[in-house]
Structure formats: structure tokens, C-alpha cells
Amino acid sequence: MNLKNQLVKKSDYLWELPTHVKKGMKVPVQVYASKKILEEIGGDKSLEQLTNVAMLPGITKASIVMPDVHEGYGFPIGGIAATSWPDGGISPGGIGYDINCGVRLLASHLKREDLLRRGEDLAKALYAQVPSGVGKGGNILLSEKELDEVLRRGVQWALEKGYAVPEDIAKIESQGQLDNSDPQFVSEYAKRRGIDQLGTIGSGNHFVEVSYIDEIYDEEIAATFGLKLGRLTVLIHTGSRGLGHQVASDYMKVMVASMGKYGISVPDRELACVPFNSQEGQEYFKAMAAAANYAWCNRQVITWEIRNAWEEFFKGKNTQLDLVYDVAHNIAKVEDHVVNGEKKKLIVHRKGSTRSFGPGHPEVTDCYKQTGQPVIIPGSMGTASYVMAGTAHAMEESFGSTCHGAGRRMSRRAAQRSVNIHELEKELAGRNIFVRAGSRSGVSEEAPIAYKDIDEVIEVVHQAGIAKKVARLRPMAVIKG
DNA sequence: ATGTTC
């Protein structure tokens, strides 16, 4: 039975697969999409994966997915799965291999004109300063003891070492430090992979991008976020590198091996999970938090590298780079939500989804309390990125979550086959966008054609009311692995 | 995403 044909329209931007479409579903599947987006989804396993997620132990309200959905490991990317605390399932597949993959936005005091005709040079300068590529190590030498401090204390460690300024801390989700971290549950192998990778971007869809603000949708919120028309900004997209990947791999094995003892069965072993309050569940949660802290530290050290390069490149000008905000895209958190009028503590898995807490939410930092948290959504290489604000409506509908990017519509392999790198680079250069990448595959796999239309994705979440448009960014210089 | 088949 074709699942796509069974989607029931709830509104122009919200569709549902009722529980009766598949035996074992405990909750419906909730899909945020427009007609246009719907045409591009369901060609992969994502809808089937969503019905599987709807069978997880303790799954609450709905198996939710955003318009940037595509197939992932067990769970689709672009999804949210909230399970009941304390004994609902926690699943590494619901967070993903790149724990706390996320994005951070820096706002400069310089204008687009300050970079005209120098975009290529800046791309080179940043490429020289920020290590990138698969398996690539960096320039920060950590002792094993220091790595444990990074894992335990996240950006607090970076602040003490001079990689952060005090103003940065409040502008990071969870202040860049999950306090449930415990490095003793991160394997020695994972630590070995992470010890020399702090301050590196990696490969795949990870990047550093210099953009300028070309459109403001909400003047008041943009002003609060420190965003002005025509100003240059910097986006940093990366995660926990080899360390987080290893934590995910390690615990996926643990979950498969111990699931049975808790009487849990799932329709796909990639959804392997254990009760959150079991020993294995707690150990994973603590290791995941350690990897998340590593990722925040990684984006912080990259910020430091970029600030140094920026100062050197724009010598004589105002070279301050203010952190606007830093959001996690792949993470699980224990949060309070209201479900059917009842206040509940839930384990919220976000996999390729951004927290979108609205005005007044207690976890939103003071300086953004009136506006809601900044939500930063990168597009694909060469296309626009967006800054949005969290909404109260997201709390009611999507566990305070929204989309995280454009979302793939083509596999990496298919993209490699269909993209001519030379022509793509020429086309981008014609639009004054300079790409500096370490590998050819890094460019072709991330070509705009391999992704959905970011403008359409943004329109869906904006119209659905689960995030609010604030500003649009246009790329000028990109560095990739 | 990932020392891309530890």
C-alpha cells in the first residue's frame, strides 16, 4: 500500500497518516509539507520509517516530520520523536550519527561592499585557517584530561582557554553545556578519534559560509538578533566529528544487544532502543551529552579561528564578530510539554530538526525572551539561508521544533552522477559565490540540485506557524571539506 | 555524518 496516497490533509501545510494505515502504530504520523514539497517526498523510505517511529515504546502524540524530510538511519532526517519520561524509549537512531550536528551564526559589522571582489581571497584565507576534510585533525593539542573537560563542560572549557568571549555563552542553546554529560561512558576509541579534531569542520554537508543579509522580514526581531540589511554574516555548520560518530556506533550496538531484556521489539533494528531510565539508556544519554558538548566546543573553536582570520583579513576595519545564536540539529533532551492539556516530561529526539522555543519560554536566553529563540536554517551551497524565530505555536504542535535545512532530494551517489563540478563552480562564480573545497565529491554531493527548494521549505514552516521568518542570507564565500 | 566496508 502506497503510504503517500493515504496522507490526510489537515491544512495546506500539515498532513497526517492515521494509526490505521499500519498495524502497530501507536500514534499518527504528522507531516509538515506543501503540495509542492509532497511531490518530492515518499520516493525514499522516509514515510515508512515514520510509521515505524510511531511504534516506539512511549511515543507520544505523533511521529512528526518537517518539510526537509528524507530517509535516514532508521529514523528519517527532519523528524521529531517524543517519548514518555522516564521509561519511554531512547534510541541513538533518533538522534543520528553526528550527535549535535548544528549551526551557528555570527554577525559582523561590515557590509557586503567591504567584500566585493575579495570573496575568493576570503574563501582562501578561511580555508587556510579552518581545517576541513574527512578524518582531518586540527591544531589544538588536547591532553586526555583536557578532552574530558571538553566533554564534561563544553563551551565553559573554551571560555577558560580563551576561545570564547563571555558574551558568547548565553547565545548558545543550553549555554553550550549539557550538565548530564559523563565522559566515563564515552569509549576510549571514541576519545582517540576526537582528541585532535577540535576546531575542524569535517566533510559532507558541513561548511563555513560568509553571506550577507539581503532581506529582512521582521524589523523588530532582526534588530534584537543584531541583524542589519547588507551586513556580512558567517555560518558555521558542523558537529561532533569522529567522536560523536563513534559514540553513536558504540551505543547502537549496545541497544540491539540489550533491547530484548526489556521486552522491546521494534519493526527495524535501526530503531533499537532501551528504556530511558535503564542503565544502558542512562549511559547512552550521558555519552550523547558528552558528544554534544564536544560539538559545541568544536563550533566555538572554529569561531575563534574565524575571528582570527577575519581580523587579519579586514585589518583596519571594525572586525568584531558577534555570536547571534548556535542551535543543535541532532540531539535528545528531556523537556516539559503540554499534551492534551496535560503537562508532561518527555524525551524529545530531534534528528535534523531545530528547537523553536517561542517568546517567554523559560529555557530561552534573557536577551531573546521577548522574540523567541533564533532559529538558523542553512540552505544548500549557493542558495539562501534563513534566520527565523521560535514560536509559541511550535510548543503546541511540534514539541517546540521546526525544520533544519533544505533536505536532500537526491542521494549522494545520484548527485555525483548528475553534477558537472566545473560548470557548477562557473555558475556560482558568475553569481560571485566562491567555493573552496578539499574534495571534488564534496562539491558535487552538495550541489543545489541535490536539495529541495529552501524557500519552499521555509514557507511551509512559516505558514504552519512553527517558526517565523526574520531574515534571509545570500552566500558569497563557502569553504567545505 | 563517518579514518565513507571497525
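Since the model is a prediction, treat every value here as computed from it, not as a measurement. Each chain gets a letter, A, B and so on, in the order its sequence line appears, and its residues count up from 1.
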With sugar-phosphate meaning primed atoms plus P, OP1 and OP2, does A:Gly96 contact a base, only sugar-phosphate, or nothing at under 4.0 Å between heavy atoms?
nothing
Between A:Ser203 and B:dT2, does any side-chain N or O lie under 4.0 Å from OP1 or OP2?
yes
Rounded to whole angstroms, how far apart are OH on A:Tyr73 and P on B:dT4?
17 Å
So, taking the atom named CZ in A:Arg104 and the one named CD in A:Glu173, what distance separates them when rounded to the nearest 0.5 Å?
11.5 Å
Looking at every strand, decide which applies to A:Gln197 at a 4.0 Å heavy-atom threshold: base, sugar-phosphate, or nothing.
sugar-phosphate
Just checking A:Gln416: base, sugar-phosphate only, or nothing, at a heavy-atom cut-off of under 4.0 Å?
nothing
Got A:Ile236 and A:Ile306 here, is their nearest side-chain heavy-atom distance under 4.5 Å?
yes
Starting at atom CD1 of A:Ile95, determine the distance to atom P of B:dT2, rounded to an integer number of angstrom.
17 Å
Atom pair distance, as rounded to whole Å: CZ in A:Arg192 and P in B:dT2
18 Å
Step through it carefully: locate the ring centre of A:Phe225, locate the ring centre of A:Tyr368, and say whether they are under 6.0 Å apart.
yes
Please report the distance, rounded to the nearest Å, between OH in A:Tyr294 and P in B:dT2.
11 Å
Interatomic distance where NZ belongs to A:Lys136 and C1' belongs to B:dT2 [whole Å]
16 Å
Nearest whole angstrom, please: distance from the P of B:dT5 to the OH of A:Tyr97.
10 Å
salt_bridge(A:Arg350, A:Glu335) N-O dist < 4.0 Å
yes
Nearest nucleotide by nearest heavy atom, which residue falls closer to the 5' end of DNA chain B, A:Val134 or A:Cys101?
A:Cys101
Here the distance between atom C1' of B:dT2 and atom CD1 of A:Ile99, to the nearest Å, is 12 Å
Quick note, A:Tyr189 side chain, CB onward, closest among B:dT2, B:dC6, B:dT4 is B:dC6
Whole-Å distance between B:dT2 C1' and A:Asn100 CG?
16 Å
Determine whether A:Glu209 and A:Met381 satisfy the following criterion, side chain to side chain contact (heavy atoms under 4.5 Å, CB included), listing intermediate values before the conclusion.
CA-CA 9 Å; A:Glu209 178 185 291; A:Met381 184 176 59; over 6 Å; no
Salt bridge flag under 4.0 Å for residues A:Arg408 and A:Glu446:
yes
Which ones in residues 233-243 of chain A lie close to DNA chain B, meaning a heavy atom under 4.0 Å from one of its atoms?
A:Arg241, A:Gly242
Evaluate the criterion side chain to side chain contact (heavy atoms under 4.5 Å, CB included) for residue pair A:Phe185 and A:Phe285; output intermediate values, then yes/no.
CA-CA 9 Å; A:Phe185 298 115; A:Phe285 196 53; over 6 Å; no
